[in-house]
2 protein chains.
Amino acid sequence: MRAVRDALDLLGGKWKLPIIVGLVHGPKRFKQLQREVAGITAKMLSKELKELEVNGLVTRYVQADAAPVAVTYALAEHGTTLYPVIEALQGWGQQHRRFIMHAPAVALAEPVLVA
Amino acid sequence: MRAVRDALDLLGGKWKLPIIVGLVHGPKRFKQLQREVAGITAKMLSKELKELEVNGLVTRYVQADAAPVAVTYALAEHGTTLYPVIEALQGWGQQHRRFIMHAPAVALAEPVLVA
DNA sequence: GATAGCGGTTTACCAAAGTATACCGGTTTG
DNA sequence: CAAACCGGTATACTTTGGTAAACCGCTATC
């Protein structure tokens, strides 16, 4: 159970997974990533990237020579171990969506009386 | 991506998964469940169970004849489809814990300079 | 010389999530 | 008759997550 909570703490929230998915197709720069992850503010992106970084999921590359300093973010190798988790969540999400469509919404909320 | 968010919305938060895990080994009554899910308040348990119920993951059985009314909660069939998801999260959580143990905490926060 | 882009930080604010505590009517147990 | 258990609800509060907008130094472009 603790492992499950660890995972959820790391991936929970509105933005962590969208950011990771945004990095799947190769490294991106900050603004580039912000455009990709629609709706996120710079503050959020900055904060979330920091958390992903200290957890080893994302690596931050700083090109110090250039001016202005160029910063690039990439999925770390450890980050790629998330693929199966993302797939599991996605698969279940789709399945659940289908389930909810077909289920009579009323029945779900109705109390089941037992003799 | 939408499916992933759907799943996360449903399973996110501090209590949803602990409650579901608490119901895996058979149906439980309200107080019984509250004791099992250590630390949860009655208000939270009540609210979370409602949400799980309208999503078809948990079924609520009311024994109306008895007095006082007895209420039992059980994992619905659709709830059991979560097992693979829980396993994936748990597996990754363990793996990540091991990873963090071995990784020098400093290195993770350190900026990577590029020539 | 103004404008726009870069990679953010700062401040202020708001809403959702979660906690703490007390309370309810009814019932069994001591 | 008191205490404890049942299945919750009500009220009030704090904490966390997230939004909005302005601002920073620096640089390349028009």
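Labels below follow one simple rule: chain letters A, B, ... track the order of the sequence lines, proteins then strands, and each chain is numbered from 1.
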Counting any heavy atom closer than 4.0 Å, what does K14(B) reach on the DNA or RNA strands: base, sugar-phosphate only, or nothing? sugar-phosphate
To the nearest Å, give me how far apart NZ (K16(A)) and P (dT16(D)) are. 14 Å
Polar side-chain contact K43(B)-dT19(C) base: donor and acceptor under 3.5 Å: yes
Rounded to whole angstroms, how far apart are CD1 on I40(B) and P on dG7(D)? 15 Å
For A42(B) and E48(B), find the nucleotide of DNA chain C closest to each by heavy atoms; which residue's nucleotide sits nearer the 5' end? E48(B)
Any side-chain N or O of R29(A) less than 4.0 Å from the OP1 or OP2 oxygen of dC6(C)? no
Do any side-chain nitrogens or oxygens of R35(B) fall under 4.0 Å of OP1 or OP2 in dC6(D)? yes
More 5' along DNA chain C: M44(B) or Y73(A), using each one's nearest nucleotide? Y73(A)
Show, in sequence, the C-alpha distance, side-chain angles and deciding distance for V21(A) and V4(B), and conclude whether the side chain to side chain contact (heavy atoms under 4.5 Å, CB included) test is met. CA-CA 11 Å; V21(A) 170; V4(B) 178; over 6 Å; no
Counting only side-chain nitrogens and oxygens, does K50(A) get under 4.0 Å of the OP1 or OP2 atom of dT9(C)? yes
Starting from the C-alpha separation in whole Å, work towards a yes-or-no answer on side chain to side chain contact (heavy atoms under 4.5 Å, CB included) for L82(B) and L75(B). CA-CA 10 Å; L82(B) 277 174; L75(B) 203 56; over 6 Å; no
Should the ring pair H96(B) and H78(A) be called parallel, tilted or perpendicular, given that the plane angle runs from 0 to 90° and is split at 30 and 60? parallel
Can you see if the side chain of R60(B) gets near the phosphate of dG8(D) - specifically, an N or O under 4.0 Å from OP1 or OP2? yes
Tell me: CG of L49(A) to C1' of dG18(D), nearest whole Å? 16 Å
Does a side-chain N or O of S46(B) approach OP1 or OP2 of dT9(D) to a distance below 4.0 Å, or not? yes
Nearest-angstrom distance from the residue atom CD1 of I19(A) to P of dG8(C): 13 Å
Taken to the nearest whole Å, CG/L17(B) to C1'/dA17(C) is 16 Å
Before you tell me yes or no, could you show the steps for K50(B) and R60(B) under side chain to side chain contact (heavy atoms under 4.5 Å, CB included), namely the whole-Å CA-CA distance, both residues' side-chain angles and the distance that decides it to 0.1 Å? CA-CA 9 Å; K50(B) 260 173 212 156; R60(B) 184 174 191 259; over 6 Å; no
Check the phosphate of dG8(D) against K47(B), side-chain N and O only, distance under 4.0 Å to OP1 or OP2. Yes or no? no
Between R2(A) and D6(A), does at least one N-O distance fall below 4.0 Å, as a salt bridge requires? no
Mind calculating the distance between CG (L45(A)) and P (dG18(D)) to the nearest angstrom? 13 Å
Starting at CD of Q63(B) and ending at C1' of dC6(D), how long is that distance when rounded to a whole Å? 13 Å
To the nearest Å, give me how far apart CG (D9(B)) and C1' (dG17(D)) are. 13 Å
